[in-house]
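Written out below as structure tokens is the structure these notes cover.
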Amino acid sequence: MLQWWHRLFPSTERFVMQDATEELRELLAGIADLERARRVLSWDQSTKMPPRGADARARQIATLADVTHERFVAPRTGELIAAAEREVAQLPGESVTARVVAKARWLYDKDVRVPTALVSERARAASDGYRVWLAARAADDFSAFAPVLERNFALARQYAACFDEYADPYDAVLDDYMPGMTDATLSALFGELRGELVPLVDALAGRPIDTAPLTAAFSVEAQRGLVAEVLGWLGFDPSGWRLDDTAHPFQSSFSGGDVRLTTRFEPDYFPTSLYGAMHECGHGLYEAGIAPELERTPLGSIYSLAMHESQSRMWENMVGRSRAFCDALAPVLAARSDGALRGLDGAALFRAVNAVRPSLIRIEADETTYSLHVILRHELERSLMRGELAVADLPEAWNSGMRDYLGVVVPSDADGVMQDVHWGQGLIGYFPSYAVGNLIGGQIWERVRGALPGLDEQLRQHDLRALREWLSDQIYRHGSAFSDAELLARIAGAPLRVAPFVRYLRGKLGEVYGVELA
Ligand code: ZN
């Protein structure tokens with residue numbers, strides 16, 4: 001394990017054993033333990049907990065959030081950080097110890113400005129909001145959901161007001177999910193992306209593609225076997241990983257040796273479980289790939305949700321929906337579908353899973369239309385944060401955006417503005433990371449293609465070791481030692497760009513539709 005530190009960090013120091021730095025490191029390790037314990041409670045809440053446990057669980061999670069916050073923002077932490085900064089002042093900027101201290105400083109300066117009462121109020125609002133959202137969505141009743149939105153956006157504005165350096169409250173919440181990202185940068189990128197995608201979707205949406213293989217008869221039991229086999233190709237290791245069922249799939253890890261994936265099974269629609277599991281597995285590979293030396297430090301988690309999503313979406317789409325990987329998948333689908341997909345070949349599967357079909361629901365959207373769903377959410381949540389849009393006017397704004405960007409008529413709020421869990425849980429500023437993840441993925445994928453000339457043959461053989469090792473070496477092992485901008489500069493030699501993702505999509509869609517799009 002030592003070799004890569006030599007390569008990455010020229011000075012071979014690990015953690016300097018000075019008093020304040022060492023005490024700070026122990027304190028931060030305890031904070032990391034508390035945060036992982038909270039993840040266990042949340043994972044259980046979404047997978048195993050019986051419904052009547054909900055009230056007590058919401059309290060337990062809020063209490064743990066309080067305890068973690070209070071322990072971290074205690075004056076002693078500030079003193080230790082200041083003393084540790086003096087101790088590490090002589091170390092080079094790329095030293096791990098210096099980066100641990102710098103990350104602790106960044107987190108502390110943020111958290112210390114947020115009152116504990118506001119932290120626990122947001123945690124409670126998230127749990128309450130989740131329950132109200134479930135019922136309101138089931139009843140298609142936006143008026144029941146509207147007070148949750150009022151409360152969560154008001155709390156998010158209170159949170160943003162803790163940071164007076166932001167003129168725009170939306171920038172303050174964006175920073176939690178994508179540190180350093182501002183709405184000015186984001187709006188420029190999304191404006192360019194929207195300008196590329198809307199005409200592309202328009203040009204392709206009406207063209208015929210046979211998607212019947214996706215809805216072939218496929219029992220849930222047979223899908224379980226399919227998912228287990230494909231996750232095995234990706235690197236799912238039963239000694240350190242679990243897969244469980246849930247209503248809204250997610251991934252969580254409690255340590256490098258304990259990675260939890262979830263997925264959802266829909267009878268006779270295998271893409272939900274298969275591609276959902278591949279997506280979450282991409283998140284899991286990232287978290288499991290962080291260097292063990294960074295565990296229980298602030299560098300032992302991932303820098304931004306955008307980088308996280310770049311990896312989940314890369315495994316789901318750039319690998320999972322590639323022409324070569326479809327060649328590997330097709331015979332397995334044919335063998336496991338009880339004859340329903342007998343004779344399916346890779347070319348037909350490749351066309352079906354990449355068909356451009358504007359649709360209502362983001363999580364079921366194809367790779368091309370997906371980012372437009374996100375761009376709409378970005379525009380709406382920003383307007384709500386700034387007070388430019390009233391909650392009461394949200395459904396209408398949603399429906400007109402869906403019409404403008406995707407040409408889709410929204411029949412109900414349940415399948416419209418209430419389809420996602422995020423705003424109900426107070427996750428505001430989160431959505432953009434999905435589409436930024438696509439952009440980062442496009443830039444990294446170009447480098448992957450250049451670095452691994454034998455990749456298509458490996459994908460065809462479902463031999464994913466070389467790809468996994470490349471991604472681990474370039475991205476996963478670093479945890480959050482580098483910012484997204486630093487990682488992109490190291491890997492792609494450029495800041496965040498729209499063009500590589502669009503080039504990738506045009507190349508693939510040209511092949512799917514047999515037309516020249518480049
Ligand atoms: Zn994801």
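What's counted below: heavy atoms across the whole structure, side chains too, no hydrogens, waters or symmetry copies. Just so you know, ligand 1 is whichever comes first in the structure, and atom 1 is the first atom listed for that ligand. All values reported here derive from a predicted model rather than from experimental measurement.
The NE2 atom of His279 and the NE2 atom of His283 subtend an angle of 100° at the Zn ion (ligand 1), given to the nearest 10 degrees.
Under the ring-ring contact (aromatic ring centres under 6.0 Å, His included) rule, Phe218 has a single partner from Phe265, Phe270, Tyr269, which is Phe270.
One distance of note links CG of Leu189 with CG of Leu186; it measures 6.5 Å at 0.5 Å rounding.
Checked against the Zn ion (ligand 1), the N, O or S atom of Glu309 at the shortest distance is OE2.
The Zn ion (ligand 1) has no N, O or S atom of His308 under 2.8 Å away, backbone or side chain.
In this structure, the ring pair (Phe, Tyr, Trp, His ring centres under 6.0 Å) partners of Tyr430, at least two apart in sequence or on a different chain, are Tyr177, His422, Tyr434.
In terms of modelled atom types and a separation under 3.5 Å, the side chain of Asn354 and the main chain of Arg321 share a donor-acceptor contact.
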